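All remarks here apply to the structure that follows.
Here the structure is a predicted model, which means the values were calculated and not measured.
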Amino acid sequence: MLFVVAGVLAVLPERLLRQCAPWRSEILAGVWGCLGLLALVGAVCRLEGGVNWFPVFGLDGPALPMLLLLAFTGGLMGTGLRGLACALTGLAFLALSPLVFGLLAGTALVLLADRGRQGVCLPFAVIPACIPADSPLSPPALCLMVLLLGWAVSSQRGSEAVLPAGIGLFLLGRLLAEVGVLPPVQQGLLIISGGAVALWGAVQAVRNPTACGILSGVASAGYGGLVVMLTLALAAPVKGEELFRTATLLATGAPFLALLAALWLSRQDGGLFAPNSAVAQARGSRIALGGSLLLLSAVPPLGGFSVFWCLLSAGEVAATNTHPAQALSLLLVLVAAACVMALSVVGLMRVGFAAFVSPAASQGEHAPSLSSVLLLPAWICAGGATLITVLPGGWLALVDHLFAGNAPRDFAWNTLARVQFSGADMTLTPAFSLLALAVCVVGAGALGRAFGVFPLRQPVLGAVAWREGAPVVQRDEAVPVPVSVSDTAMPVVWRAFGVLLGADGQKAKDWPVVEKTGAGARYLQAVLFRTVAWCEAQGMVLILLFLGAGLLLGLFAAK
């Protein structure tokens with residue numbers, strides 16, 4: 001009922017809200033807050049079951065942790081179609097029927113589509129929900145789902161970038177838990193698909209010129225990495241599957257919330273780096289952004305580092321207890337993961353540099369501080385990420401049923417502040433690492449102040465160029481004349497062939513065949529664009545058709 005209220009409030013016109021219209025955002029935030037509290041209580045109490053009077057929706061183990069994460073996302077999404085997509089995603093997580101899940105999730109993906117092509121292609125991503133998990137068509141459909149949803153994540157600009165990733169991880173986790181270990185070829189296809197999405201997102205984080213694009217690339221890289229870790233945890237017969245599962249659970253905690261905070265800041269009032277935006281003028285936004293970027297990065301012992309440490313530990317255990325060929329493949333996967341994480345950190349450094357060093361940031365540095373209420377969503381997400389970083393054991397016990405595992409974690413006070421694996425002696429306590437780093441920094445500062453020795457001196461300006469003693473060299477700005485190719489460079493046979501065809505002295509683009517081919521290609525492109533526009537307008541009907549075709553195909557394939 002709360003999801004229905006949130007969806008209706010997100011798209012209801014202001015004239016129908018009357019005096020409540022100025023408070024729409026606050027009301028929506030309260031609704032999503034209630035949803036988050038209910039999901040938290042349900043996850044702690046391990047509630048499961050359905051509703052007798054409406055047996056379409058129900059609760060199970062993976063749904064409640066995903067609803068808890070979705071509550072943070074919905075509180076940041078706001079109004080409009082994005083808010084409606086978030087509400088439909090929550091209802092999809094509660095659906096008991098695969099067809100209902102596919103219908104709701106596919107509708108949410110269409111609402112998130114910013115381009116015409118996405119409106120046609122994204123409904124194909126929910127086909128695995130309508131195919132039996134043991135069908136031979138299920139693994140290729142899962143690979144297609146990973147690629148399409150990675151495309152959807154990388155194209156979003158804001159908090160909605162995490163919605164396609166959540167849908168994909170939820171469906172992938174349930175199907176892999178149902179089908180069990182996959183054949184080696186299908187494992188390789190899933191790992192290659194996730195790696196391709198991760199690499200594409202990392203390249204986008206390095207090359208994109210805007211803060212929204214950089215952070216969307218980081219989100220896409222994280223989604224691809226989670227697909228790889230989930231495949232190794234649930235679908236591969238390796239020794240360290242529980243460690244891979246722990247790394248996946250940790251990645252859905254502090255890095256997820258930190259990414260939400262950074263994505264929300266990058267979209268407020270024209271962008272994070274606009275000189276006149278409210279976020280650029282508020283000093284507290286830079287503290288929230290800096291903390292979010294640190295929690296996302298690989299700086300020990302924060303959220304991103306904890307995930308990477310678990311991944312390396314899992315790879316070491318798995319490579320030690322398997323045959324050489326599989327161990328070499330795991331090592332290559334770990335090397336690729338390290339490269340993707342390094343590129344993502346470079347993207348985060350670009351965001352930090354633009355926020356703290358760029359001229360747009362310096363213009364807002366001496367601006368008066370604005371109300372902290374504007375930054376409350378970012379502070380809530382960053383504070384939650386910090387709490388999960390300090391208390392990872394409590395988070396692992398809370399979301400233990402998000403992905404299937406053999407060793408359930410129960411809540412215990414002695415494991416609240418550390419990451420501990422079942423059947424292994426390795427542990428990680430971020431609080432002790434933070435304390436050690438703080439002691440080192442305070443000690444170094446005290447020694448520097450006592451002895452007057454500091455590693456970072458004030459910069460001293462160098463001498464003017466004309467005082468260096470070297471003579472002034474006048475540079476020639478003239479453009480060098482390009483070297484011409486002689487006519488004898490082309491063989492005589494080819495020249496004679498060109499004269500025979502009537503193409504002597506002409507470029508390839510001036511040939512009649514090329515002109516006619518280009519005209520035909522432009523006509524086909526126009527037809528394609530008109531078809532895509534019609535399919536985008538009829539997106540809801542196409543979803544039903546795709547789901548029905550997938551259901552029938554799955555039924556026949558199962559037989």
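- Here the shortest heavy-atom pairing between A43 and L64 reads N-CD1, 3.7 Å.
- A heavy-atom distance below 4.5 Å is not found between the side chains of P392 and I388.
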Exercise for the section: Would you sort out whether Q326 and V238 count as a side chain to side chain contact (heavy atoms under 4.5 Å, CB included), showing the intermediate values? Expected result: CA-CA 9 Å; Q326 193 172 10; V238 294; 3.4 Å; yes
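- Side-chain contact check for P123 versus L109: every heavy-atom pair is 4.5 Å or farther apart.
- Counting heavy atoms from C-beta outward, S154 and W200 have side chains that approach closer than 4.5 Å.
- The shortest distance between side-chain heavy atoms of F256 and T73 falls below 4.5 Å.
- Note that CD1 of I380 and CG of L76 are 8.5 Å apart. Values are rounded to the nearest 0.5 Å.
- In this structure, R174 contributes its side chain and A129 its backbone to no donor-acceptor pair below 3.5 Å.
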Exercise for the section: Just do the ring-ring contact (aromatic ring centres under 6.0 Å, His included) check on F3 and W32 with the steps written out, would you? Expected result: CA-CA 8 Å; F3 277 120; W32 285 108; 5.8 Å; yes
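- A donor-acceptor contact shorter than 3.5 Å is absent between the side chain of R245 and the backbone of L230.
- If you run side-chain contact (heavy atoms from CB on, under 4.5 Å) between L259 and each of L295, L293, L296, only L296 comes through.
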Exercise for the section: Determine, step by step, whether E316 and L312 satisfy the side chain to side chain contact (heavy atoms under 4.5 Å, CB included) criterion, reporting the C-alpha distance in whole Å, the side-chain angles of both residues, the deciding distance to 0.1 Å, and the verdict. Expected result: CA-CA 6 Å; E316 179 185 3; L312 291 180; over 6 Å; no
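- Checked by atom type and distance alone, the side chain of T429 never pairs as donor or acceptor with a backbone atom of F432 at under 3.5 Å.
- Note that CG of L330 is 10.0 Å distant from OG1 of T320, once rounded to the nearest 0.5 Å.
- Considering CE of M77 and CH2 of W264, their distance stands at 14.5 Å, rounded to 0.5 Å.
- For the pair P139/L190, no side-chain contact is recorded, criterion being any heavy-atom separation below 4.5 Å from C-beta on.
- A donor-acceptor pair is defined here as one N or O able to donate and one able to accept, closer than 3.5 Å; no such pair exists between the side chain of R350 and the backbone of I214.
- With values rounded to the nearest 0.5 angstrom, T231 atom OG1 is found 11.5 Å from I192 atom CD1.
- The nearest pair of heavy atoms linking F244 to M229 is CB-O, 3.9 Å.
- In terms of heavy-atom proximity, L171 sits nearest to A125 at CD2-O, 4.4 Å.
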Practice task
Any chance you could lay out the side chain to side chain contact (heavy atoms under 4.5 Å, CB included) test for L182 and L189, step after step, and finish with the verdict?
Solution key: CA-CA 11 Å; L182 294 174; L189 288 176; over 6 Å; no
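- A distance-only check finds no donor-acceptor pair linking the side chain of S138 to the backbone of S135 [under 3.5 Å].
- With hydrogens and angles disregarded, a donor-acceptor distance shorter than 3.5 Å links the side chain of S155 to the backbone of A152.
- Taking all atoms of both residues into account, the shortest heavy-atom contact from T322 to A318 is CG2-O, 3.0 Å.
- A donor-acceptor pair under 3.5 Å is formed between the side chain of Q187 and the backbone N or O of A235.
- Contact detail for P65 and P62: the closest heavy-atom pair is CD-O, 3.5 Å.
- When atom types are taken as modelled, the side chain of W395 and the backbone of L249 share a donor-acceptor pair closer than 3.5 angstrom.
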Practice task
List the steps, then state whether side chain to side chain contact (heavy atoms under 4.5 Å, CB included) holds for S216 with V153.
Solution key: CA-CA 7 Å; S216 297; V153 173; 6.0 Å; no
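- With rounding to the nearest 0.5 Å, the separation of CZ in F72 from OG in S159 is 12.5 Å.
- Side-chain contact between F101 and C130 is absent, with no heavy-atom pair separated by less than 4.5 Å.
- Among the candidates I167, V126, L122, L172, the single residue satisfying the side-chain contact (heavy atoms from CB on, under 4.5 Å) test with M145 is L172.
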Residues 89-97, side-chain donor-acceptor partners within the protein, below 3.5 Å, at least two apart:
unit_1: T89; atom_1: OG1; unit_2: A85; atom_2: O; d: 2.7
unit_1: S97; atom_1: OG; unit_2: L99; atom_2: N; d: 3.3

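- Here the shortest heavy-atom pairing between A108 and L88 reads CB-CB, 4.2 Å.
- Of the possible polar contacts, one joining the S297 side chain to the L294 backbone as a donor-acceptor pair under 3.5 Å is found.
- By the 4.5 Å heavy-atom criterion applied to side chains, L215 and L348 are counted as neighbours.
- Judged by distance alone, with hydrogens and angles left aside, the side-chain atoms of Q156 form a donor-acceptor pair with the main-chain N or O of L112 at under 3.5 Å.
- In this structure, CG in L232 is found 11.5 Å from CG in L243, a value given to the nearest 0.5 Å.
- V197 has its side chain within reach of S220: a pair of non-hydrogen atoms, C-beta onward, lies under 4.5 Å apart.
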